[in-house]
2 protein chains.
Amino acid sequence: MLSLQKLMDQVRHAGLRVTRQRTLILQALCELDGHAGAEEIHRRLALHQRDVDLSTVYRNLEALRDVRILSQTDLGHGWAEFEVVGDRPHHHLVCQRCGHVQELDHACLDAMGDTIRDRYGFEPILDHWAIFGLCAACRAVDSGT
Amino acid sequence: MLSLQKLMDQVRHAGLRVTRQRTLILQALCELDGHAGAEEIHRRLALHQRDVDLSTVYRNLEALRDVRILSQTDLGHGWAEFEVVGDRPHHHLVCQRCGHVQELDHACLDAMGDTIRDRYGFEPILDHWAIFGLCAACRAVDSGT
DNA sequence: ATAACTGCAAAACTTTTGCAGGAGT
DNA sequence: ACTCCTGCAAAAGTTTTGCAGTTAT
């Protein structure tokens, strides 16, 4: 469970101000406990009579992403999705056949991250990945047929 | 180098018709030899007095992607980028600050792919990735200030 | 006090769609 | 001939921006 209190400390520590809107946006993301797009957050806040302008939502998602409090992912829905960066980075292996999802050890990505840092001087953001493919069970079915 | 001839055979074989516009779009993508967005292709064709309507470019990119002649990637520029499939697999490092894009050696991902296969029995699809983060130049600016 | 932030409205952008005519097989 | 494809124009949808006023530090 994520503590809104701690998140707001992070916000302050990042040099950003703790505003009503910022707090509400992060609260919504915590409650949703997963990915959400700007429009979805805006709609949710409106439902709770906690109006925050859509442009403010966009500006905040960008700002919070820049200071690494949020991570941004494109799930091919046609809009950007955001998520609170947790204590431990988590990743998922998603089976394209059966939809089964399993967690992926962060170490698998870390090794690649180190290589990228060393060879390219590029600091990769590996907070949250979804890797698509075929799970063991579906591969077995495939080779059986 | 990619042969336009062979590409058009693929087009026909996929059940699509070989039209002037389709050919020009694929030719442009071959010449650009890399990823390009719809607008960029459209602009390039216009420069060469080979007018193809922008909506036609979009419709073709989608159709060619659906039959796997093109691959689609989001490089975080705000638009979709397309590329001819069949080249050696390669990936992109995209700077979240300045938008700069550099190529990433497939070997870096391959090692991770092997680990995932070995440890999870999961067959990951690692054809074409975009990894976001901070490029060397932007990291230098950050540590400077 | 001062710099950051917000709401509002309008615009910028990419991408999609309806339709009538044109082109490939 | 039979579909598929294209151009045109208009719209849909997401995201950005200018600006004046408000708020956090």
Side-chain angles (χ1 to χ4, degrees), chain A residues 5 7-28 35-46 49-67 69-70 72-82, chain B residues 5 7-28 35-46 49-67 69-70 72-82 96-99 132 145:
Chain A
Q5 201 68 260
L7 276 178
M8 299 326 289
D9 284 348
Q10 282 184 252
V11 167
R12 194 176 287 106
H13 188 260
L16 298 176
R17 294 181 177 173
V18 176
T19 65
R20 184 184 72 95
Q21 292 85 345
R22 202 103 83 189
T23 310
L24 285 168
I25 288 167
L26 281 172
Q27 186 179 19
H35 309 96
E39 182 64 41
E40 187 176 354
I41 293 170
H42 179 249
R43 202 169 48 241
R44 184 185 174 85
L45 293 178
Q49 346 281 4
R50 297 275 188 280
D51 284 313
V52 176
D53 193 76
L54 183 56
S55 70
T56 300
V57 174
Y58 274 104
R59 279 191 272 231
N60 274 298
L61 291 177
E62 185 185 353
L64 293 168
R65 188 249 293 148
D66 283 348
V67 299
I69 289 174
L70 298 181
Q72 179 175 350
T73 318
D74 183 358
L75 299 180
H77 291 156
W79 58 81
E81 309 247 7
F82 294 82
Chain B
Q5 200 68 260
L7 276 177
M8 300 326 289
D9 284 349
Q10 281 184 253
V11 166
R12 194 177 286 109
H13 189 258
L16 299 176
R17 294 183 176 170
V18 176
T19 64
R20 184 183 71 95
Q21 293 84 345
R22 204 102 83 188
T23 310
L24 285 170
I25 288 167
L26 281 173
Q27 185 178 20
H35 49 82
E39 180 64 43
E40 188 176 352
I41 292 169
H42 179 250
R43 201 170 48 240
R44 184 185 173 85
L45 293 179
Q49 345 282 3
R50 297 275 187 280
D51 284 314
V52 176
D53 192 77
L54 183 57
S55 71
T56 301
V57 174
Y58 274 105
R59 280 191 272 230
N60 273 298
L61 292 176
E62 185 184 353
L64 294 168
R65 186 247 291 144
D66 284 348
V67 298
I69 289 175
L70 298 181
Q72 180 176 349
T73 317
D74 181 2
L75 295 181
H77 289 158
W79 59 81
E81 309 249 5
F82 294 82
Q96 225 164 33
R97 181 77 48 86
C98 68
F132 295 83
T145 28

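From a predicted model like this one, the values you see are computed outputs, not experimental measurements. Per chain, numbering begins at 1; letters A, B, ... match sequence-line order.
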Could you check how far [atom1] of [X] sits from [atom2] of [N], rounded to whole Å?
X: A/Trp79; N: C/dT14; atom1: CH2; atom2: C1'; result: 15 Å
X: B/Leu54; N: D/dA10; atom1: CG; atom2: P; result: 16 Å
X: B/Leu45; N: D/dT6; atom1: CG; atom2: C1'; result: 14 Å
X: A/Leu16; N: D/dT25; atom1: CG; atom2: C1'; result: 13 Å
X: B/Asp9; N: C/dT25; atom1: CG; atom2: P; result: 11 Å
X: B/Arg59; N: D/dA9; atom1: CZ; atom2: P; result: 14 Å

Tell me whether the OP1 or OP2 atom of [N] has a side-chain N or O from [X] closer than 4.0 Å.
X: A/Arg20; N: D/dT23; answer: no
X: B/Tyr58; N: C/dT16; answer: no
X: A/Thr19; N: C/dT6; answer: yes
X: B/Gln21; N: D/dG7; answer: yes

If you assign B/Arg12 and B/Ala38 each to the DNA chain C nucleotide with the nearest heavy atom, which residue ends up on the more 5' nucleotide?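 Closer to the 5' end of DNA chain C: B/Ala38.
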Among D/dG7, D/dC4, C/dA9, which nucleotide sits nearest the side chain of B/Arg17?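 Closest of the options to the side chain of B/Arg17: D/dC4.
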So which nucleotide from C/dT15, C/dT17, C/dA4 ends up closest to the side chain of A/Arg22?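 Side chain of A/Arg22 sits closest to C/dA4.
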Atom CZ of B/Arg50 with >12 non-hydrogen neighbours under 6.0 angstrom: no
Side-chain (B/His42) to main-chain (B/Val52) donor-acceptor, under 3.5 angstrom: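 Yes, because the side chain of B/His42 sits within donor-acceptor range (under 3.5 Å) of the backbone of B/Val52.
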Terminal axes of the helix from C/dA1-D/dT25 to C/dA12-D/dT14 (five pairs each): angle between them, nearest 10 degrees: 40°
